Amino acid sequence: MIGFPNQMRSFDEDAGTFRFSGYDGVMEVRFVLEAPALEQIDGISRSPDTDYLAAFDRRRAEIETAAGRAYKKHRKSLIWLSIADF
């Protein structure tokens, strides 16, 4: 079962992606969330002033739930998440 004990996350503005990790036992699973997915689930729009990390934190529970479903389905060490995963 995947868990998310580490609250670290980062946003790569150039790539338009968020990175965060989960753990299945001792195995680290890396997740990449596309910014357009977060924009849709949080109702924000891309602008230089958009605080993407705050939006990620507001939606963390939904993101982790979607990440868990995607991991259960694919069982890879790197999982890309898009709006289709929500």
Side-chain angles (χ1 to χ4, degrees):
M1 172 149 215
I2 191 88
F4 299 93
N6 184 346
Q7 298 295 295
M8 296 291 292
R9 78 283 186 265
S10 63
F11 178 60
D12 181 337
E13 190 170 345
D14 292 334
T17 58
F18 297 86
R19 294 186 179 274
F20 62 103
S21 295
Y23 294 87
D24 185 357
V26 296
M27 187 178 91
E28 181 179 18
V29 180
R30 294 172 294 138
F31 293 90
V32 178
L33 171 65
E34 298 172 352
L38 181 63
E39 291 166 1
Q40 285 191 327
I41 66 170
D42 197 58
I44 58 174
S45 59
R46 185 176 283 257
S47 79
D49 297 331
T50 301
D51 188 348
Y52 280 99
L53 293 176
F56 184 99
D57 293 341
R58 278 192 300 274
R59 299 298 182 162
R60 181 178 286 279
E62 288 174 73
I63 293 166
E64 289 178 356
T65 297
R69 281 192 309 263
Y71 176 70
K72 187 175 181 179
K73 184 177 178 181
H74 300 291
R75 296 281 182 183
K76 296 179 181 179
S77 62
L78 176 63
I79 306 282
W80 278 80
L81 300 170
S82 70
I83 192 61
D85 296 297
F86 292 84

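What you see is a predicted model; the values in this text were computed from it and never measured.
Closest of all the heavy-atom pairs between Ile44 and Ala55 is CD1-CB, 3.7 Å. Listed here is the closest heavy atom pair of Arg60 and Asn6: NH1-O, 4.5 Å. Across every non-hydrogen atom of Leu81 and Phe31, the tightest pair is CD1-CD2, 4.3 Å. Of all heavy-atom pairs between Tyr71 and Ile2, the closest is CD2-CB, 3.9 Å. The minimum heavy-atom distance linking Gly16 with Arg46 is given by the pair CA-NH2, 3.7 Å. Contact detail for Glu39 and Tyr52: the closest heavy-atom pair is OE2-OH, 2.6 Å.
Without hydrogens or angle criteria, Arg9 side chain to Phe56 main chain gives no donor-acceptor distance under 3.5 Å.
Transitive grouping of hydrophobic side chains (ILVMFWY, heavy atoms separated by less than 4.5 Å) keeps Trp80 and Phe4 in distinct clusters. Phe11 and Ile83 fall within a single hydrophobic cluster, where Ile, Leu, Val, Met, Phe, Trp and Tyr are joined by side-chain heavy atoms under 4.5 Å apart, directly or via other members. Hydrophobic cluster membership differs between Met8 and Val32, with clusters built from Ile, Leu, Val, Met, Phe, Trp and Tyr side chains linked at under 4.5 angstrom. Cluster membership check: Ile41 shares its hydrophobic cluster with Leu53, using side-chain heavy-atom separations under 4.5 Å among Ile, Leu, Val, Met, Phe, Trp and Tyr.
To the nearest 0.5 angstrom, Arg58 atom CZ is 7.5 Å from Asp51 atom CG.
Considering only heavy atoms from C-beta on, Gln7 stays 4.5 Å or farther from Phe20 through its side chain. Two residues are said to be in side-chain contact when any heavy atoms from C-beta on lie closer than 4.5 Å; Leu38 and Arg59 meet this criterion. Residues Phe86 and Ile63 are in side-chain contact: their nearest non-hydrogen atoms beyond the backbone lie under 4.5 Å apart. Within the 4.5 Å cutoff, no side-chain heavy atoms of Asp85 are placed close to those of Leu33.
With sequence neighbours excluded, the residues that form a side-chain contact (heavy atoms from CB on, under 4.5 Å) with Arg30 are Ser21, Glu28, Leu78.
In the displayed structure, Met1 atom CE is contacted under 6.0 Å by at most 12 heavy atoms of other residues, nucleotides or ligands.
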